[in-house]
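Chain letters run A, B, ... following the sequence lines, proteins first and then strands; every chain starts at 1. Everything numeric in this text was worked out from a predicted model, so none of it was measured.
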Protein chains: 2
Amino acid sequence: MTAYSAPLRDMQFVLHEVLEISKQDLPAYGDLDPEFTEAILDAAGKLASEVLAPLNAVGDRQGCRLENGVVHTPEGFAAAFDQMREGGWTALDCDPEYGGQGMPYVIGTAAGEIFTAANMAFTMYQGLTHGAYSAIHAHGSDQQKQTYLPKMVSCEWTGTMNLTEPHCGTDLGLLRTKAEPQDDGSYLITGQKIFISAGDHDMAENVIHLVLAKAPGGGEGTRGISLFIVPKFLVKQDGTLGDRNAVSVGNLEEKMGIHGNSTCVMNFDGARGWLLGDLHKGMRAMFTMMNEARLGVGLQGYAIAEHAYQNAVAYARERLQGRAVTGAENPSGPADPLIVHPDIRRNLMEQKSFLEGARALAFWGANLIDRARLGRDEQADGLVSLLTPVIKGFLTDRGFESAVQAQQVYGGHGYIEEQGMSQFVRDARITMIYEGANGVQALDLVGRKLAADGGKPIMAFFELVKQTIKSLEGDEALKSAFLDPLKAASKDLQAAGVFFMENGARNPNAALSGSYDFMRMFGHVALGLMWTRMAAAASKALSEGRGDAGFYETKLATGRYYMARELPATATHLARIQSGAEPVMALAADRF
Amino acid sequence: MTAYSAPLRDMQFVLHEVLEISKQDLPAYGDLDPEFTEAILDAAGKLASEVLAPLNAVGDRQGCRLENGVVHTPEGFAAAFDQMREGGWTALDCDPEYGGQGMPYVIGTAAGEIFTAANMAFTMYQGLTHGAYSAIHAHGSDQQKQTYLPKMVSCEWTGTMNLTEPHCGTDLGLLRTKAEPQDDGSYLITGQKIFISAGDHDMAENVIHLVLAKAPGGGEGTRGISLFIVPKFLVKQDGTLGDRNAVSVGNLEEKMGIHGNSTCVMNFDGARGWLLGDLHKGMRAMFTMMNEARLGVGLQGYAIAEHAYQNAVAYARERLQGRAVTGAENPSGPADPLIVHPDIRRNLMEQKSFLEGARALAFWGANLIDRARLGRDEQADGLVSLLTPVIKGFLTDRGFESAVQAQQVYGGHGYIEEQGMSQFVRDARITMIYEGANGVQALDLVGRKLAADGGKPIMAFFELVKQTIKSLEGDEALKSAFLDPLKAASKDLQAAGVFFMENGARNPNAALSGSYDFMRMFGHVALGLMWTRMAAAASKALSEGRGDAGFYETKLATGRYYMARELPATATHLARIQSGAEPVMALAADRF
């Protein structure tokens with residue numbers, strides 16, 4: 001059995017000493033002083049440690065089961081979901097007009113990390129509801145909002161995203177689900193959707209499906225796609241539930257992980273649906289959900305790894321095996337703890353330095369979303385749009401690798417399911433795949449986001465790196481350990497961008513062959529920037545003699561690890577990118 | 001369901017055009033002409049494709065079960081094991097004196113890759129038997145050899161390695177299992193062993209356990225350890241089976257993967273055992289098994305990845321999704337196959353270039369073992385001893401990563417158990433852990449093998465790289481694509497060695513903090529050497545106008561990928577190593 005405890009001090013450090021949220025001039029940020037956020041995150045942490053984390057292994061072992069068309073969640077999930085609802089956790093960053101608490105997205109993100117780390121499969125039920133809530137909030141009619149949002153804010157009704165079909169995942173232009181308009185303004189939806197997370201379950205009265213389908217007259221490909229609201233139970237005029245809609249669970253998938261979440265094949269057999277947003281503009285509305293979902297998945301990537309890391313550390317401290325090469329450190333015991341061994345430390349430092357950098361990046365992304373929504377920052381929208389594929393792709397790739405490393409600390413015991421480390425790896429694996437496989441994120445980054453808005457967002461990012469370095473140049477302690485490596489890595493990233501510009505127009509494959517490496521190196525530079533900002537904050541606290549010096553010194557040492565041992569990867573990525581398309585594209589398809 | 005077909009052409013290329021085994025002046029190699037090896041590997045391939053591969057998913061789904069103290073293997077395993085026996089596959093490279101076919105180890109390795117790729121959990125029953133066979137063959141008395149080996153060669157009896165106990169894995173000095181000498185020269189063994197692969201099952205008449213235990217008078221730590229033969233059923237004077245010994249299965253572990261192999265907790269309750277080799281010299285005898293097992297695990301790493309790769313390629317050719325960025329390649333279809341997309345190709349080329357390099361390295365290692373055993377090569381023993389942790393650590397790390405990439409090609413479908421791609425990842429994961437976790441391999445490499453025999457083996461390796469480059473310098477086609485990158489990577493590896501020498505004596509942590517990176521970079525240089533040799537062979541064939549030019553051109557293109565896009569990783573590893581111990585060791589244990 002694994003244990004999880006929310007890293008409150010680290011979270012507070014990012015929120016208040018790095019991002020300085022309570023000093024930001026945003027209306028919704030007014031209440032966010034350190035005492036307030038600590039109270040919220042502490043309460044979230046208690047629920048996570050005491051209720052959700054103990055159910056993590058239960059969910060994995062029991063999974064969901066489909067009986068007579070009804071999906072049953074694992075024991076204890078429904079009661080825990082009630083606790084989430086009753087504690088108001090599902091409403092945290094939702095609109096007060098529909099029963100939400102109106103907190104900023106950055107707080108929803110911080111609490112989301114905690115719940116996800118404790119039990120990702122469980123937290124997905126609420127996460128998907130939040131995505132559907134956002135889409136309806138952004139694109140729904142007033143009546144739709146009044147009908148659905150209050151119940152979704154409270155998670156009395158949950159939500160889903162229905163995109164994928166058996167023959168089409170990324171390429172949604174191929175989809176076949178049909179929407180036939182009816183005289184009363186509704187549509188009849190017919191088709192099969194697969195991989196529908198939280199598609200059905202026994203924890204809510206109703207499930208509100210958002211379904212992509214083709215209505216007549218929309219033309220070929222993605223242009224013909226519209227988005228529909230298809231409730232499991234039809235909603236009567238008075239808001240109570242009416243007839244069962246013609247949507248049913250065809251099957252539950254048996255998956256590598258996230259067994260506690262019901263992944264459904266959904267059959268729509270002339271189910272009644274209502275258009276959400278504009279006809280034939282379904283992709284736009286869906287992207288509201290999808291962008292949020294992508295940031296959420298990036299968060300899942302490192303949140304699972306945080307839970308895994310905490311247990312790897314505990315194991316490395318307790319398990320006695322071998323002696324330190326520099327002399328026994330536990331001479332009265334039969335052996336020293338694993339943590340004395342340099343390669344165990346390398347392993348743990350890789351995890352730790354990634355996790356703390358990832359958290360800073362995810363929180364910064366959430367802060368940028370708040371800044372964009374609240375209209376206080378012209379660059380924020382472009383920047384977070386640029387960073388979204390990096391946060392999704394890099395944090396899930398590295399989160400999975402980090403979970404694998406945590407499992408490795410356990411040796412053979414890590415391979416035994418009872419220990420719980422295997423589950424982290426199996427659960428984390430999906431984050432690299434869903435909401436756009438990471439290769440698709442890389443394509444989005446290089447093929448779309450780099451050139452977006454005439455390249456303004458990427459220029460803004462480099463400018464931010466430059467300004468950060470410039471503003472800290474006086475600090476000799478930071479220079480060689482942080483500023484120089486960041487400068488070098490950022491230069492590599494720019495060189496890759498230049499390579500794409502010089503070669504991509506003539507041969508798009510020259511850019512796309514390097515897209516994955518570019519995403520990875522961008523991730524490193526982004527974490528390098530985060531570490532530089534964290535180091536500056538820690539250094540400031542130390543020079544002012546504030547707080548626990550050990551905490552800030554640890555922060556600096558962890559950052560030095562990242563800069564010295566992770567950032568050099570950009571050189572290799574650049575070399576790979578500069579080798580161009582030839583090595584990648586040389587073979588005929590039948591020669592693989 | 002996945003499919004597997006043995007890569008016979010690639011194997012023949014390595015055996016005959018790169019290693020040129022039939023031209024090597026080794027007595028046992030006399031028969032190994034291309035027709036002969038092809039006939040053997042073709043037959044192995046048929047058995048693998050038709051019998052073992054279809055059982056791979058069955059084994060995963062059913063697993064083993066323990067009922068009334070008896071382990072039952074999955075349906076079909078016993079019949080397949082009979083086919084392995086009847087075909088003589090278990091006897092391939094065993095000593096003819098005990099019923100073996102007397103073939104060289106390199107042929108056992110090639111056939112082993114095929115069987116392992118098709119069904120690793122199944123093939124382990126035979127693999128462990130072979131390891132125990134080798135230990136008895138090397139250290140047993142004549143009587144022990146006569147008693148056990150013929151039955152183990154035929155796998156009528158199978159074997160196990162009993163090392164690990166609940167509180168000790170790597171640190172065998174802590175082990176508690178006791179051996180009490182009896183008047184008749186036997187010992188009574190008492191203790192508990194865990195993680196015993198193939199510990200019990202229903203496919204053989206007897207199981208011969210090799211058990212590490214402490215006999216009186218041996219002193220502390222590993223010096224006091226001896227190795228014992230402990231059969232499940234005692235063997236009577238006439239060779240028939242007698243009483244059941246006091247060894248039993250305490251439990252079957254529930255694991256992340258290799259469900260088809262029985263991983264047992266073994267309880268020895270005064271079980272009768274016989275000393276194998278010298279008293280208190282058990283570690284030495286065990287290492288005979290362990291070194292062989294480590295090479296075997298390295299082979300598992302890439303063999304599983306080969307099976308996964310073949311299916312990823314098939315999926316990438318069939319699955320229609322999106323359009324090539326340079327224009328439709330399947331204009332009459334609804335979309336192009338995945339394989340047109342540059343990032344899918346990058347993914348597949350990474351797998352392919354690793355797999356073919358890995359095979360060459362594993363076969364070369366096996367060839368070195370043959371050369372060392374047959375006494376024709378003074379350097380061979382030191383070289384294969386140096387390469388063993390690299391083969392184990394690097395090929396399993398990369399094999400796992402490769403299986404993850406193969407799964408990624410499938411997108412969401414890869415996460416569904418039914419597709420079979422998850423199993424490859426779950427199965428491959430153990431190869432990084434057992435037979436010495438990869439961190440322990442890195443420690444062995446840097447802490448022991450580098451300095452072994454006054455550094456002669458590592459010098460021999462660098463000399464080999466140098467001579468290979470020198471011998472090919474006239475070939476302009478190879479120079480920039482192969483020789484220059486190999487030279488640069490080898491220089492990085494040497495620089496890392498110099499860093500260890502200059503800093504390691506004063507501070508061992510400075511070397512050990514870089515051990516993992518050193519293992520990885522050594523792996524890259526070794527594969528770079530293999531690719532250079534393969535490129536030279538392909539280039540020679542092309543210039544002589546021999547065979548299928550497309551095959552050789554593909555080989556060159558795949559090698560160029562490895563050299564251009566994988567070898568640059570050595571620069572990053574070197575930078576990490578040169579950052580020394582400080583970033584790794586900076587934190588106090590309670591600051592993680």
Side-chain angles (χ1 to χ4, degrees), chain A residues 164 169-171 174 195 253-256 313 317 321-322 325-326 334-335 339 342-343 345-346 348-349 352 408 411-412 414-418 422 430 432-434 437 439 442-443 508-509 512-513 515-516 554 557 560-561 564-565 568-569 571-572 575-576 579 583-587 589 591-592, chain B residues 164 169-171 174 195 253-256 313 317 321-322 325-326 334-335 339 342-343 345-346 348-349 352 408 411-412 414-418 422 430 432-434 437 439 442-443 508-509 512-513 515-516 554 557 560-561 564-565 568-569 571-572 575-576 579 583-587 589 591-592:
Chain A
T164 304
T170 302
D171 188 355
L174 299 175
F195 304 158
E253 302 287 3
E254 218 177 285
K255 310 180 300 288
M256 186 179 184
V313 168
R317 285 199 192 112
Q321 206 79 180
V325 67
T326 46
I339 204 165
D343 190 63
R345 281 178 171 262
R346 171 203 58 83
L348 295 175
M349 288 301 292
K352 183 175 170 64
Q408 190 75 11
Y415 201 64
I416 306 301
E417 288 293 352
E418 195 186 5
S422 161
I430 189 59
M432 299 158 69
I433 298 172
Y434 63 14
L443 179 64
N509 287 337
L512 297 183
S513 295
S515 58
Y516 212 92
T554 298
R560 282 196 299 270
Y561 184 94
R565 293 181 61 102
T572 292
R576 288 166 56 98
S579 74
V584 175
M585 304 302 291
L587 298 189
R591 285 293 182 183
F592 279 86
Chain B
T164 305
T170 301
D171 188 355
L174 300 173
F195 304 157
E253 303 286 2
E254 219 177 286
K255 310 181 299 289
M256 186 178 185
V313 168
R317 285 198 192 113
Q321 206 78 181
V325 67
T326 46
I339 204 164
D343 191 62
R345 280 178 171 263
R346 171 203 57 84
L348 294 175
M349 289 301 292
K352 182 176 171 63
Q408 190 74 11
Y415 200 63
I416 306 301
E417 288 293 352
E418 195 186 4
S422 161
I430 190 58
M432 298 158 69
I433 298 172
Y434 63 14
L443 179 63
N509 288 337
L512 297 183
S513 295
S515 59
Y516 211 91
T554 298
R560 281 196 300 270
Y561 185 93
R565 292 181 62 102
T572 292
R576 288 166 57 98
S579 73
V584 175
M585 304 301 291
L587 298 190
R591 284 293 181 182
F592 279 87

key: Region of A:T572 in contact with chain B, defined by heavy-atom distances below 4.5 Å   = both
remark   = Honestly, the part of A:S513 sitting under 4.5 Å from a heavy atom of chain B is both
key: Interface residue of largest heavy-atom contact number with chain A, from B:A564, B:A586, B:G414, under 4.5 Å   = B:A564
ask   = With a 4.5 angstrom heavy-atom cut-off, which part of A:R317 approaches chain B: side chain, backbone, both or neither?
value = side chain
query = What part of A:L512 is in contact with chain B, defined as an atom under 4.5 angstrom from a non-hydrogen atom: side chain, backbone, both or neither?
reply = both
inquiry  = Using heavy-atom distances under 4.5 Å, tell me whether A:K352 contacts chain B through its side chain, its backbone, both, or neither.
reply    = side chain
query = Is a donor on one side and an acceptor on the other found under 3.5 Å between the side chain of B:R345 and the backbone of A:L587?
reply = yes
query = In terms of heavy-atom proximity below 4.5 Å to chain B, should A:Y434 be classed as side chain, backbone, both, or neither?
reply = neither
inquiry  = Heavy-atom cut-off 4.5 Å, strictly under: side chain, backbone, both or neither for A:L174 against chain B?
reply    = side chain
request  = Please determine, among A:M349, A:Q321, A:K255, the option with the most heavy-atom pairs under 4.5 Å with chain B.
outcome  = A:Q321
ask   = For chain B, which of A:A569, A:A557, A:S515, A:P334 has the most heavy-atom pairs under 4.5 Å?
value = A:A569
query = In terms of heavy-atom proximity below 4.5 Å to chain B, should A:A589 be classed as side chain, backbone, both, or neither?
reply = both
message = Quick check on the interface: out of A:R346, A:M585, A:R576, who has the most heavy-atom pairs with chain B under 4.5 Å?
response = A:R576
task = Among the options B:R560, B:E254, B:Q408, B:E253, pick out the one with the most heavy-atom pairs lying under 4.5 Å from chain A.
result = B:Q408
